[in-house]
Amino acid sequence: MIMARTSNIFARVEPEVKEQAEQVLEQLGIPMSSAVSMFLKQVVLQRGIPFEMKLPKDTPPSYSSLTKEQFNAEIEKGMLDIEAGRTYSMKSVEEEL
């Protein structure tokens, strides 16, 4: 029997992400090391990240890129949203994150 040579990879990930991934992979019957190996093989085959990576369409403007008038307009939009009740609770934001 011939054993394939292997190398170790050490990666730091958020504990919650690791735990959630382990739960999904366990349901699929795939060990974490096999999932990482599959990902890396796809990187080689695709010659890049094997899934689409892009910035969100609606990115908030950065303060430094705004003129004074644009900044004031953004603040006004925010105030109108607050007055109209278009807000999110801190709890819902925390849950989303």
Side-chain angles (χ1 to χ4, degrees):
M1 179 177 209
I2 299 174
M3 296 288 290
R5 288 179 44 165
T6 61
S7 289
N8 292 330
I9 295 177
F10 298 96
R12 293 187 179 276
V13 296
E14 297 170 5
E16 299 82 19
V17 171
K18 179 180 180 271
E19 184 177 315
Q20 291 170 359
E22 286 174 333
Q23 291 173 2
V24 171
L25 292 170
E26 183 178 326
Q27 292 175 17
L28 293 170
I30 302 171
M32 180 70 75
S33 60
S34 295
V36 171
S37 181
M38 287 189 289
F39 170 76
L40 294 175
K41 287 177 183 179
Q42 284 299 307
V43 167
V44 172
L45 288 171
Q46 302 286 330
R47 297 180 50 106
I49 302 295
F51 47 83
E52 189 174 357
M53 295 176 52
K54 58 184 177 180
L55 295 172
K57 291 180 182 178
D58 293 333
T59 57
S62 68
Y63 174 75
S64 62
S65 70
L66 299 175
T67 66
K68 183 177 180 179
E69 292 76 22
Q70 290 170 323
F71 175 77
N72 289 336
E74 289 296 320
I75 294 295
E76 184 63 30
K77 282 194 285 185
M79 295 303 292
L80 292 172
D81 282 343
I82 292 170
E83 290 171 8
R86 292 185 296 264
T87 60
Y88 298 95
S89 70
M90 185 62 188
K91 183 176 181 175
S92 68
V93 171
E94 287 175 344
E95 288 172 358
E96 184 70 24
L97 294 174

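Nothing here was measured: the structure is a model prediction, and the numbers come from that model.
The neighbour count for E74 CD, taken as heavy atoms of other residues, nucleotides or ligands under 6.0 Å away, is above 12. In this structure, Y63 places its OH atom where only 12 or fewer heavy-atom neighbours from other residues, nucleotides or ligands lie under 6.0 Å away. R47 CZ: 12 or fewer foreign heavy atoms inside a 6.0 Å radius.
Linking Ile, Leu, Val, Met, Phe, Trp and Tyr whenever their side-chain heavy atoms come within less than 4.5 Å leaves V24 and V17 in two separate clusters. Under the 4.5 Å side-chain heavy-atom criterion for ILVMFWY residues, a single connected hydrophobic cluster contains both L40 and F51. Residues M38 and L28 fall within the same hydrophobic cluster, defined by Ile, Leu, Val, Met, Phe, Trp and Tyr side chains chained together at heavy-atom separations under 4.5 Å. A continuous path of Ile, Leu, Val, Met, Phe, Trp and Tyr side chains, each step under 4.5 Å between heavy atoms, connects L97 with Y88, placing both in one hydrophobic cluster. Grouping the Ile, Leu, Val, Met, Phe, Trp and Tyr side chains by contacts below 4.5 angstrom, directly or via other members, places I82 apart from M90.
The shortest heavy-atom contact between D81 and T87 is O-CG2, 4.3 Å. Looking at every heavy atom in both residues, K18 comes nearest to M32 through O-CE, 4.1 Å. Shown here for A35 and I30, the closest heavy-atom pair between the two residues is N-CG2, 3.8 Å. Between S65 and S62, the shortest heavy-atom distance links the atoms OG-O, 2.8 Å.
Once rounded to the nearest 0.5 Å, the distance linking CD of E14 with CD of Q20 reads 9.5 Å. Distance check: E94 CD to K91 NZ gives 9.5 Å after rounding to the nearest 0.5 Å.
Under the 4.5 Å side-chain criterion, counting only non-hydrogen atoms from C-beta, V43 is in contact with P50.
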